[in-house]
Number of protein chains: 2
Amino acid sequence: MAAERTIGRLAKAVGVNVQTVRYYERLHLLGPYARALSGYRLYGSEEEQRLRFIKNARALGFTLREITDLLDLRVSSRARCSDVQQKAEEKLQCVEVKVQALEALAQALESLIQACRAGQPTDRCPILKRLEKKAEVQVESRTRR
Amino acid sequence: MAAERTIGRLAKAVGVNVQTVRYYERLHLLGPYARALSGYRLYGSEEEQRLRFIKNARALGFTLREITDLLDLRVSSRARCSDVQQKAEEKLQCVEVKVQALEALAQALESLIQACRAGQPTDRCPILKRLEKKAEVQVESRTRR
DNA sequence: CTTGACCCTGTACCCTGGTACAGGGTGTAA
DNA sequence: TTACACCCTGTACCAGGGTACAGGGTCAAG
């Protein structure tokens with residue numbers, strides 16, 4: 001199992017920089033499966049999955065801190081189930097708000113494309129017209145400092 | 001129309017920092033409606049909308065550069081319709097990929113919550129189990145440097 | 001007419017998320 | 001046995017997106 005590969009191969013497979021993988025390791029986000037005698041980091045398919053997830057989640061506007069939280073979500077003997085459930089529900093809500101916002105944006109873009117096809121010039125920015133909702137895209141309570 | 005207000009009120013209404021609003025102005029993302037004789041910036045409801053959009057789009061992982069592009073998308077006398085259409089379609093595709101990724105994440109969270117309710121401990125991180133897809137969340141062709 | 005809250009410009013600083021060396025070891029194919 | 005691609009640690013640097021003064025004007029209430 002867990003086809004071993006070095007950091008370079010992993011990075012290439014997922015499409016990130018080698019340095020970035022090491023950076024994630026410093027942040028305890030993604031460690032190697034094991035080390036070779038030479039000291040080379042070794043990664044398996046699970047690590048690849050994880051790295052891919054991190055990459056995608058980043059593109060969705062999650063911070064590395066949030067990604068850590070997401071990846072740590074699991075019901076273990078140590079974690080109280082109700083805690084996990086609550087966290088998961090919070091995250092879920094946040095994700096749903098994001099989906100809605102993106103869907104509104106998608107609709108706006110679609111209607112713009114429609115207008116294009118019909119050859120109707122749109123004067124004011126049509127993106128805004130459809131996105132007037134005040135609903136805020138929540139990104140984790142800003143608990144900095 | 002366009003209830004005038006100063007930068008402080010605008011910032012508070014939308015929930016961003018005053019400095020941030022001025023920062024956006026430097027980047028030509030959001031200018032004041034007008035200036036008072038005193039030099040105070042004045043904003044109307046359109047600016048508020050725009051600021052709100054910027055804030056939400058940021059939380060969705062769009063860069064300020066991308067947000068500028070989105071806000072500039074409109075069919076004007078100057079912009080060739082086909083160009084706008086193409087850009088809009090590109091953005092739309094990008095948005096749809098994001099939506100899909102978020103929905104996969106939402107599902108993962110839901111099944112985690114289910115497992116919680118059922119009192120079944122999930123050993124390995126269940127988020128990953130559902131997010132094995134290799135599909136990449138595209139964020140604008142990385143044309144840096 | 002003063003005091004407190006707010007605004008102005010300008011410049012400096014900060015955090016997050018990377019990237020890039022420098023200096024040195026590893027591994028493998030010719 | 002060497003040459004080349006790759007790996008290691010450590011440290012420094014960078015861009016994006018803000019945030020925080022400093023030094024000074026504005027305005028409205030008391």
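Every chain is numbered from 1 and lettered A, B, ... according to where its sequence line falls, protein lines coming before strand lines. These numbers come from the heavy atoms of this one structure, side chains and all, not from hydrogens, waters or symmetry mates. What you see is a predicted model, and the numbers here were worked out from it, not measured in a lab.
- Spacing between atom CG of B:Leu29 and atom P of D:dG17 amounts to 9 Å, rounded to whole angstrom units.
- Atom pair B:Lys12:NZ and C:dC6:P shows a separation of 7 Å (rounding to whole Å applied).
- Checked against C:dT26, C:dG17, C:dT19, the side chain of A:Leu64 finds its nearest nucleotide in C:dG17.
- In this structure, CD in B:Gln114 is found 9.0 Å from CD in A:Gln85, a value given to the nearest 0.5 Å.
- Here A:Arg41 lies in heavy-atom contact (under 4.0 Å) with sugar-phosphate atoms only.
- The CZ atom of B:Arg50 sits 6.5 Å away from atom CG of B:Leu29, with the distance rounded to the nearest 0.5 Å.
- The separation between A:Gln19 atom CD and D:dC7 atom C1' is 11 Å, rounded to whole Å.
- The A:Arg35 side chain lies nearest to D:dT9 when the options are D:dT9, C:dT19, C:dT9.
- Looking at which nucleotide of DNA chain C each of B:Gly8 and A:Arg22 is closest to, the 5′-most match is held by B:Gly8.
- Side-chain atoms of A:Arg58 lie closest to C:dG17 of the nucleotides D:dG18, C:dG17, C:dA20.
- Between B:Ala11 and B:Val21 the shortest heavy-atom distance is CB-CG2, 4.2 Å.
- Rounded to whole Å, the distance from CZ on B:Arg26 to C1' on C:dG10 is 9 Å.
- Taking each heavy atom of B:Phe62 and B:Cys94 in turn, the nearest pair found is CE2-SG, 4.5 Å.
- For B:Tyr23, the listed nucleotide lying nearest its side chain is D:dG17; candidates were D:dA20, C:dA20, D:dG17.
- For the atom pair A:Leu109 CG and B:Lys87 NZ, the distance stands at 12.5 Å (nearest 0.5 Å).
- Listed candidates were D:dG17, C:dC7, D:dC8. Nearest to the side chain of B:Tyr40 is C:dC7.
- Side-chain proximity of B:Thr20 to D:dC8, D:dG18, C:dC7: nearest is D:dG18.
- Rounded to whole Å, atom P of C:dC14 lies 17 Å from atom CG of B:Asn17.
- In this structure, the OH atom of B:Tyr43 is 14 Å from the C1' atom of C:dC6, given to the nearest Å.
- For B:Leu30 and D:dG17, the CG to C1' distance is 15 Å, given to the nearest whole Å.
- A straight line from CG of A:Leu42 to P of C:dG27 spans 11 Å, rounded to a whole angstrom.
- Across all strands shown, A:Ile7 has heavy atoms under 4.0 Å from sugar-phosphate atoms exclusively, and none from any base.
- For B:Ser38, no side-chain nitrogen or oxygen approaches OP1 or OP2 of C:dC7 to under 4.0 Å.
- At a cut-off of 3.5 angstrom, the base of D:dG18 holds no donor-acceptor pair with the side chain of B:Tyr24.
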